[in-house]
Structures are given as C-alpha cells and as structure tokens.
K.L.:
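Take a look at this one; I'll ask things after.
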Amino acid sequence: MERSIYLDSHSTTPVDERVLAAMIPYFTEHFGNPSSINHLYGWEAEAAVKQTREILAEAINAAPEEIVFTSGATEANNLAIKGVAEAYFEKGQHIITVATEHSAVLDPCNYLKTLGFDISILPVKKDGIIDLNEFKKAFRPDTILVSVMAANNEIGVLQPLAEIGEMCRERGVLFHSDAAQAIGKIPLDVQAMKVDLMSLTAHKVYGPKGIGALYVRRRNPRVKLAPQQHGGGHERGMRSGTLYTPQIVGFGKAVELGLQYLETENQRLMELRETLWEKLSQLQGIHLNGHPTQRLAGNLNISVEDVDGAALLLGLQSVMAVSSGSACSSVTTAPSHVLTALGHSEQLAYASIRFGIGRFNTVEEIEKVGKYAVSVIQSLRKTAIRI
Ligand SMILES: *Cc1c(COP(=O)(O)O)cnc(C)c1O
C-alpha cells in the first residue's frame, strides 16, 4: 500500500533529521543521569539539559529556572491546573476556561469539579475567538486560575493572550496557557502576555514524542504549585523522575530550528494553505472554520455541506492523511466539541476536514490534494442520497 500524503501536523509531526542527529549521542555515549553530580557522565547530561532549558526559556522570554520538564503537554496541563487548584484551595475554588480547549485542559477541570471546584467554561464567538466582554464578566472574588490556549489544535485559532493576561493580572488571578500548538510556530512572550504558567510539547514541532515542559513563573507573582508526581525531588520538587536527556536534547533542537525559520516557514505554509483554500472554495457550500487570519499558518479546517462526514473521510483517505471533526477521539463518534462550539450543526461538524500542513509538505502535494478533494466532494454530492 502506497503511503498517503501526510497532512495531520496538528496531531504529530515527524522528527526532523537534525533533531534526531542531536539526540543520538545522548542514548549511548552521553548516557549519564543529569542528577549525578559526582562524575563527568552526569555533568555532560546536566549540561545538555541546561542548554535546552535556556533555549526554551529564551523562546518564551522566561528564565531557565522556570522550566519544568514533563512527559508532554498533557502532563504539563495536568500539573498546572491540578497543581494550582491544590496550592490555592484556601484562596478560592473557581476556575475559568474555554469550550474549545484541548481535552487535556477540559478533563482535569472536570475532574476538579468532582472535588468541589467550580468551573466556568466560556463559549467562543463564531470565529473561534474568546469574547473578551463575556470573559471579563466571568471573574469572581474566588477565581484562582484562568486557562486559555495559545493556538487551537483543530481550527488553528490564536487567542488574544496579552489581553487575557492583562485582565488576569489586574485581578490577581493566575493565567495558564496551553501552547502545545504554538511553541516554535508563533512568537510567545510570557512577560508581554502576562502568562504565569505555559504548557509546551516537542512532538508538534518536529521534536520527539514523550517530552514537554511547563513554564512556572517565579517572580511577580511567584506561582505555588502542588506536585502531582512525588519522588526524588527533581525539577525543584515540582516533578520527580529522572530526566529523559535524549528527548530533552531533541526538544531544544526542535524549538531552536522552529524559531530559526519561523518567518520564512510561516510565509511558505500560508501560501500552501491559500493554494488549497482557493481550490476548495471554488465549490459551493464549503465553510472555513475559525478566524480567517488569526490562525496558525499551516491550519485549514473546512466543513462541507451536503456530504456525509464518514464518506468524505473515507473518500480522501487513499490520497491524504487528514483528520475529521469526529476522528479526534476515534473511539467516540460524537462531533468535535470545538466545531460545535462554533455553533455548527451536527452535519457540518461531522463533515469537516482538518488539513495540517507541515514542514515537509510541497506545493506539488498540496495541488494534488486540492484537486483530489474537490473531485471526491463533487462525486459524493452527485451520487449520495441527500442527507
Ligand atoms: C497535542 C496537544 C496536547 C497534548 O500534548 P502531548 O504532548 O501529546 O501530551 C495538548 N494540548 C494541545 C493544544 C495539543 O495540540
């Protein structure tokens, strides 16, 4: 079976060869434990870890000591949300988040609800962006935390972090942002954006899976965090466990490369996205999901009228690897919570395709994909019983 064209970059990305090359010596030659302080093996590993800490800190305008390594963004979100909830329990038990967040934010919040916390889940506007007036009204005297993502994993929408951060800071409420889709793709600055906790991951930006980090602000204000994993006291007690040096090295290299080519790569991705959108939007009844410009360069998410969602995905599958509005958690067949939050009907939420264009996609691939998708939609509309 021939491999299809990979267009699922929001789900994961391949490891860049340069990232892999940087990682390899840390499996075999420099295999030491970064916590071993008595010999060269440990020092070498510690130096490599320190370098990634510095790269990540610089990437978001933080200090290296504020980076806590985790197994990915899921763990970072859990640590941020549950860690703050536990540490600030006496101050209040109200948390604000948004309907379009990743399940790694919504589910920890739902879990906290079972412990008696009060969670406000705000709607978004039709374009997927948070309504700042509604947001302002959601604050209460007992609000301890706000969690709003930087970039959405389905519709690519970028939330106005600086405005949100400003409102949180004025009220003395901590601000967490899930930046899993944003790191190495858009500029991030935790000072300018007044973010207190930020979740990062490597595998959406051509780094390895299984490594991420949580930024935890140390000054103005100093964030208290109850650890969710106890043990040897690594990462200043916030996350115990021997650091995974090769993955950490890969994470640093991946972010470094992402930032190095950020502008030219975003320009290229945007042109590819435009090419695809021009082709698809020649058809009637195609909707662009999410804000037209406030979005990740490589994201194109569309809903298609008058076709069955499952048939559409099945039709495209031989040529392209994409996700649909119902495939995100493929065990359930519920329509995407993100697309329904935009106010879509069930049909439009189901009959949606997320194209995640990435570093290794070419113009030729995008042209082929556009042409093929158009023909699939046309033939489904012609043959299918209208639904
Ligand atoms: C992928 C993703 C996650 C989960 O990250 P892992 O590193 O795979 O745990 C969380 N949030 C968003 C927005 C994501 O895109």
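Counting starts at 1 for both ligands and their atoms, in listed order. All values below come from the heavy atoms of this structure, side chains included, with hydrogens, waters and symmetry mates left out. Quick note: residue numbers are just sequence positions, from 1.
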K.L.:
After noting the C-alpha distance and the side-chain angles of Phe360 and Tyr206, does the key distance pass the ring-ring contact (aromatic ring centres under 6.0 Å, His included) rule?
P.N.:
CA-CA 10 Å; Phe360 303 108; Tyr206 313 94; 5.7 Å; yes
K.L.:
Check the surroundings of atom CZ in Phe27: do more than 12 heavy atoms from other residues, nucleotides or ligands lie under 6.0 Å from it?
P.N.:
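More than 12 within 6.0 Å, yes.
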K.L.:
When you check the gap from the basic side-chain N to the acidic O, do Lys368 and Glu365 get nearer than 4.0 Å?
P.N.:
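Looking at Lys368 and Glu365, the cut-off is not met.
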K.L.:
State plainly whether one hydrophobic cluster holds both Val374 and Leu316, where clusters connect Ile, Leu, Val, Met, Phe, Trp and Tyr through side-chain heavy atoms under 4.5 angstrom apart.
P.N.:
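Linked within one cluster.
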K.L.:
Check step by step if salt bridge (charged side-chain N to carboxylate O under 4.0 Å, His left out) holds for Glu134 and Lys137.
P.N.:
CA-CA 5 Å; Glu134 289 298 311; Lys137 286 189 232 152; 3.3 Å; yes
K.L.:
Does a sphere of radius 6.0 Å around CD in Glu54 hold more than 12 heavy atoms from other residues, nucleotides or ligands, not counting ones at 6.0 Å or beyond?
P.N.:
yes
K.L.:
List by chain and number: which residues place a heavy atom under 4.0 Å from ligand 1?
P.N.:
Gly72, Ala73, Thr74, His102, Met149, Asn153, Asp178, Ala180, Gln181, Thr201, His203, Lys204
